[in-house]
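Here the structure is laid out as structure tokens; the discussion comes afterwards.
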Amino acid sequence: MLFYDLQQTLRAFQNRFEKYDLVIADEMGYISFDKEGSELLFTHLSLRAGRKYTIITTNLSFERWGEIFRDPVMTAAMIDRLTHQSYIINMNGNSY
């Protein structure tokens, strides 16, 4: 019963997440993901790719994203999906 409830909760979250026109993930990499968290984020962002807008802010270069997701293959796929037909703005300077 618990597994069914968890699946139902996850499905409801996915349906709600897909409807948002814009999702902002601020400070990506501030906290690392475990395997399951990385896979869930990858799945959700992949479903949005090319259909809805996503903004991600981070202080880490793409080369360091392996530290966040801990799976080099999935990290490469995540970066590929996020950067395809996207705008990357590199902001260097003082933080305010």
Nearest atoms (heavy-atom pairs only) where Ile68 meets Ser38: O-OG, 4.4 Å
Output the distance between atom CG (Leu10) and atom CG (Asn15), rounded to the nearest 0.5 Å. 9.5 Å
Can you check whether Leu40 reaches Phe33 side chain to side chain, under 4.5 Å on heavy atoms? no
Quick one: do Phe13 and Tyr20 end up in the same hydrophobic cluster if we chain Ile, Leu, Val, Met, Phe, Trp and Tyr together by side-chain heavy atoms under 4.5 Å apart? yes
Would you say that more than 12 heavy atoms from the other residues, nucleotides or ligands in this model lie under 6.0 Å from the CG of Leu22, or not? yes
Hydrophobic clustering (ILVMFWY, side-chain heavy atoms < 4.5 Å, transitive) - are Phe62 and Leu82 grouped together? yes
Please check if Leu41 and Ile31 belong to a single hydrophobic cluster, counting links between Ile, Leu, Val, Met, Phe, Trp and Tyr side chain heavy atoms closer than 4.5 Å. no
Are Val73 and Leu45 connected, step by step, through hydrophobic side chains (Ile, Leu, Val, Met, Phe, Trp, Tyr) whose heavy atoms are closer than 4.5 Å? no
Does Glu18 offer a backbone N or O that forms a donor-acceptor pair with the side chain of Arg51 under 3.5 Å? no
Quick check: does any side chain N or O of Thr58 sit under 3.5 Å from a backbone N or O of Glu27, one acting as donor and the other as acceptor? no
What do the steps show when you test Leu47 against Phe17 for side-chain contact (heavy atoms from CB on, under 4.5 Å), and what is the final call? CA-CA 10 Å; Leu47 291 172; Phe17 190 76; over 6 Å; no
What's the verdict on side-chain contact (heavy atoms from CB on, under 4.5 Å) for Asp21 and Lys52, showing C-alpha distance, side-chain angles and the deciding distance? CA-CA 5 Å; Asp21 291 328; Lys52 302 283 185 159; 3.3 Å; yes
Distance in Å, Met74 CE paired with Met78 CE, rounded so as to fall on 0.5 Å steps: 5.0 Å
Passes side-chain contact (heavy atoms from CB on, under 4.5 Å), Thr75 versus Arg70? Steps please. CA-CA 8 Å; Thr75 300; Arg70 300 183 183 142; over 6 Å; no
Please tell me whether Met28 and Leu60 are part of a single hydrophobic cluster in this structure, the criterion being side-chain heavy atoms less than 4.5 Å apart. yes
Is atom CD1 of Ile88 surrounded by more than 12 heavy atoms (other residues, nucleotides or ligands) closer than 6.0 Å? yes
4.5 Å side-chain heavy-atom contact, Asp71 and Lys35: no
Phe42 backbone acceptor or donor facing Arg81 side chain under 3.5 Å: no
Rounded to the nearest 0.5 Å, what separates atom CD in Gln14 from atom CZ in Arg11? 7.0 Å
Quick one: list whatever passes side-chain contact (heavy atoms from CB on, under 4.5 Å) with Ala76, sequence neighbours left out. none
